[in-house]
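These notes are about the structure you will find just below.
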Amino acid sequence: MSGGYYQEKGIIKGSDFDRFTFRTSIVNDITSKLQVGVNLNFAYTNNNRLPVNAPYTANPPGIVYSAMVNSPVVKPYNADGTINQLDGQNHLGGGTTTADNPLAIMAAVKETANNFRTFGNAYAQYSFLKYFTFKTFVGIDLDNFQQSFYKGNSLLYRGAPTGDPYGQASAGQGVNWIWENTVNYTRKLGDHSIDGIAGYTAQKQTDVLKVVVAQQFPDDQIPTVSGGIVTGGSEVKEEWSLVSALARVNYSFREKYLLTGTIRSDRSSRFGFGNQTGYFPSGSIGWRIMEEPFMDNINVLNELKLRASYGLSGNFEIPNYGPIALLTPRNYVLNNQTVNGIAQANLENQKLSWETTKSLNLGLDFAFLRDRIYGSFDYYINHTSNLLLYVTIPSSSGFSTALTNIGKVENKGFEFSLTSRNTVNEFKWSTDFNFSSNRNKVLALGDAGDPILSEGGAGLRHITRIGDPIGSYYGYVALGVYKNEQQLANAPVDNLAPAPRVGDMMFKDVNGDGKITSADRTILGSFFPDFTWGINNKFRYKNFDLSIFFQGVQGREIINLTRRQMLSGVGNFNSYSLYNQRWISPEQPGNGMHPRADRNTGIHGNNQRESSYQVEDGSYIRLRNVSLGYEFKWNKVADRVRVYVTGNNLWMSTKYIGFNPETNNQANSNLTPGEDYGAYPLSTTVMLGLNINF
């Protein structure tokens with residue numbers, strides 16, 4: 001048995017997270033041939049959340065971004081101690097953008113999410129006919145969720161004279177069960193060893209979500225749906241299921257020639273009729289070169305193994321009922337009155353089928369100096385076809401997007417890992433190092449090969465097209481600012497800038513036709529890094545242990561959408577300090593990269609357009625974790641006691657001007673990765689812990 005409690009206070013006051021866990025496991029040998037076991041896990045979480053990862057224009061506004069753009073010259077509180085929202089807070093005039101006092105957002109918005117989860121399994125394993133073992137396994141995951149959200153009257157959204165209260169109560173339950181039945185065969189015949197497994201599995205998930213919405217709260221005394229007038233609600237029930245048949249055979253000769261073959265058949269309820277079943281075979285071979293006679297005199301090596309594998313895998317992660325034309329409530333006008341109706345919610349596509357990945361892997365495992373140094377190297381090529389993506393379609397169809405199988409993507413690269421035991425005496429020191437690089441490239445997109453343009457948090461800034469990484473950043477190449485009238489006069493005509501002036505941004509004529517048009521948009525970068533790495537040093541002396549883990553990412557770009565307001569000169573309240581180097585006059589041209597201050601840039605230089613000016617280098621080196629522990633034996637009470645202190649995210653080096661270079665505002669979309677639109681800052685945490693083994 002084991003239990004745990006974890007608490008984390010958020011960087012923003014009023015946000016916190018608590019988790020309670022308990023686990024128990026029982027295994028019993030009924031007879032020499034029959035074994036049964038039960039595992040149970042319980043977890044309860046309480047999460048007080050606030051709106052953070054959102055722009056200041058959202059409703060409710062993002063607290064982080066609102067704090068960044070809020071006026072530094074207006075007092076946060078009134079003389080009577082109340083939060084200042086009206087005394088110049090949102091009404092500075094001069095066409096400045098209104099932004100809410102972040103303290104008002106924190107005070108007015110309350111969201112609590114509680115989750116109680118029970119997951120466990122039971123199994124019975126029986127050995128028969130000497131070489132066979134039958135195992136039946138049943139697992140269940142019960143997930144109960146409750147959420148309460150309230151936006152109070154006290155929030156005067158972006159200068160509104162009155163509040164617009166809103167309340168929502170949600171309750172959901174997810175039930176997932178799985179049943180597996182497998183037969184295993186194991187036998188050794190002289191120099192030959194063989195083992196195999198065959199089985200059948202079934203899995204089903206049922207989700208129920210109920211939502212009640214209330215508005216028109218007279219005050220903030222009762223911040224639940226019962227304090228307002230219920231104006232809406234819904235109840236949604238969804239199910240999906242998966243059945244699979246599988247088989248695997250492992251064969252070895254003298255433990256130096258290795259062969260594995262597998263096949264599985266999966267049938268998913270999420271696909272169209274006739275396309276629900278996918279077949280996914282794979283195979284691998286291995287050669288332990290160290291077992292060959294010609295390696296007997298090579299003492300420095302004690303392991304050298306070549307391996308290769310090729311196989312298929314499938315992906316069915318799409319919404320339930322994806323291929324079916326669903327219905328949704330819609331109001332319409334009949335006899336000059338609004339009445340309830342039903343309309344089609346999406347396009348039907350019964351041809352939807354499995355997304356399939358073909359993977360080739362070549363690997364080498366090695367060890368030498370009696371395992372003082374060991375590691376592996378892998379090179380892989382993955383081709384994913386029939387991608388399951390939402391693509392933009394003509395609005396004349398009545399819809400803006402459709403879910404379809406389209407295109408082919410290649411991922412290829414290598415992974416390298418190395419472990420060295422530097423000292424092995426009383427003072428022990430070991431180092432784990434890993435390095436990986438991946439290249440993503442779109443190989444095909446439908447019959448015509450037309451690119452897919454996708455909107456993120458602020459306009460059309462992503463493209464998926466043949467020859468480039470999926471979801472690449474897309475826009476105009478910024479070349480700095482016009483420094484003088486002659487440079488402006490000699491520049492290509494910018495059709496997207498109605499009346500550019502000296503100090504405005506100039507952009508590259510990519511196609512060389514002498515003018516700046518939408519045809520000059522091009523690839524500006526990608527969220528996929530050139531390489532990632534990590535290094536972990538572990539030390540142990542007597543009862544003390546210490547680990548230090550560094551991690552890094554190189555060659556990743558991020559779209560920092562906060563630069564649209566805080567570096568474009570549109571007259572918002574705050575700017576990044578870099579904007580001190582903006583163009584002011586011919587005598588004060590700045591560094592030539594940041595445009596002049598212009599609230600009406602949309603009718604002049606249009607400096608806020610989608611461009612490389614908003615794309616930043618997101619590379620970083622981070623001290624991810626440091627842990628120091630002391631272990632001892634508590635006589636007659638516990639076999640092992642360890643006390644420790646752990647620090648996470650203690651230091652970081654990056655050129656990125658945002659709070660977190662790992663941000664990804666549109667994390668649920670493969671086509672719009674890598675956006676920062678007021679991301680929650682990465683927190684540094686220090687944790688004290690105690691482990692007791694009885």
Side-chain angles (χ1 to χ4, degrees), residues 25 27-39 119-141 176-205 239-271 274-288 305 307-317 353-361 363 380 382 386:
S25 178
V27 178
N28 189 20
D29 294 321
I30 305 300
T31 69
S32 60
K33 294 185 177 183
L34 177 63
Q35 183 187 80
V36 296
V38 177
N39 297 284
F119 48 103
N121 60 72
Y123 71 90
Q125 183 172 286
Y126 181 72
S127 301
F128 65 100
L129 297 179
K130 192 176 181 178
Y131 306 112
F132 291 88
T133 301
F134 171 75
K135 183 177 182 179
T136 184
F137 172 97
V138 177
I140 190 166
D141 185 349
N176 185 297
W177 61 261
I178 185 171
W179 185 27
E180 299 179 348
N181 294 278
T182 57
V183 176
N184 183 269
Y185 172 80
T186 303
R187 190 172 185 181
K188 185 175 179 63
L189 296 170
D191 293 333
H192 305 272
S193 297
I194 186 171
D195 69 80
I197 188 172
Y200 179 85
T201 71
Q203 185 177 8
K204 185 176 182 179
Q205 169 92 21
E239 296 179 326
W240 64 263
S241 59
L242 180 73
V243 293
S244 306
L246 55 93
R248 184 189 69 234
V249 176
N250 296 320
Y251 167 78
S252 71
F253 177 70
R254 294 181 179 176
E255 297 187 354
K256 64 179 178 180
Y257 305 120
L258 312 172
L259 177 66
T260 297
T262 68
I263 187 170
R264 62 179 298 141
S265 169
D266 295 300
R267 183 179 177 88
S268 171
S269 64
R270 286 179 168 169
F271 296 115
N275 297 302
Q276 294 177 326
T277 303
Y279 300 95
F280 309 105
S282 65
S284 66
I285 56 175
W287 178 23
R288 296 189 64 199
K305 177 182 176 182
R307 46 187 168 77
S309 64
Y310 180 80
L312 279 68
S313 60
N315 172 35
F316 70 104
E317 294 300 329
S353 61
W354 286 82
E355 178 180 292
T356 303
T357 299
K358 299 177 181 178
S359 301
L360 171 66
N361 183 278
Y380 62 87
N382 298 335
N386 293 325

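Please read these numbers as outputs of a predicted model, since none were measured by experiment. In this chain, residues are counted from 1 in sequence order.
Shortest non-hydrogen contact noted between Asn275 and Trp354 is O-CD1, 3.9 Å. Between Ser282 and Gly311 the shortest heavy-atom distance is CB-CA, 3.5 Å.
Considering only heavy atoms from C-beta on, Leu129 stays 4.5 Å or farther from Phe134 through its side chain. Looking only at side-chain heavy atoms (C-beta outward), Leu312 and Tyr279 stay at 4.5 Å or farther from each other. Two residues are said to be in side-chain contact when any heavy atoms from C-beta on lie closer than 4.5 Å; Ile194 and Tyr185 meet this criterion. In this structure, the side chains of Val183 and Phe132 come closer than 4.5 Å at one or more pairs of heavy atoms. Contact of the Phe280 side chain with the Thr357 side chain is not registered, since no non-hydrogen atoms from C-beta on lie closer than 4.5 Å. Taking 4.5 Å as the limit, every side-chain heavy atom of Glu180 sits out of range of all side-chain heavy atoms of Gln203. Contact of the Lys358 side chain with the Tyr310 side chain is registered, since non-hydrogen atoms from C-beta on lie closer than 4.5 Å. Looking only at side-chain heavy atoms (C-beta outward), Arg248 and Leu246 stay at 4.5 Å or farther from each other.
In this structure, a donor-acceptor pair under 3.5 Å is present between the side chains of Lys188 and Ser193. Between the side chains of Trp179 and Thr136, at least one donor-acceptor pair of N or O atoms lies under 3.5 Å. A donor-acceptor contact under 3.5 angstrom links the side chains of Thr186 and Asn184, judged on distance only.
We find the OG-CG distance between Ser269 and Leu242 to be 8.0 Å, quoted to the nearest 0.5 Å. Between atom CD of residue Gln125 and atom CD of residue Gln35 there is a gap of 5.5 Å, rounded to the nearest 0.5 Å. Asp266 contributes atom CG, which lies 7.0 Å from atom OG1 of Thr201 (distance to the nearest 0.5 angstrom). Between the CG atom of Asn121 and the OG atom of Ser25 there is a distance of 8.0 Å, given to the nearest 0.5 Å. Expressed to the nearest 0.5 Å, how far CD of Gln276 lies from CZ of Phe271 amounts to 9.0 Å. In this structure, CG on Asp191 lies 11.0 Å from OH on Tyr257, to the nearest 0.5 angstrom.
In Glu255, the CD atom is not crowded: 12 or fewer heavy atoms of neighbouring residues, nucleotides or ligands sit closer than 6.0 Å.
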Criterion side-chain contact (heavy atoms from CB on, under 4.5 Å) on Asn28 and Ile30, from CA distance to verdict: CA-CA 6 Å; Asn28 189 20; Ile30 305 300; 3.4 Å; yes
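Using cut-offs of 30° and 60° for the angle between ring planes, the His192 and Phe253 rings count as tilted.
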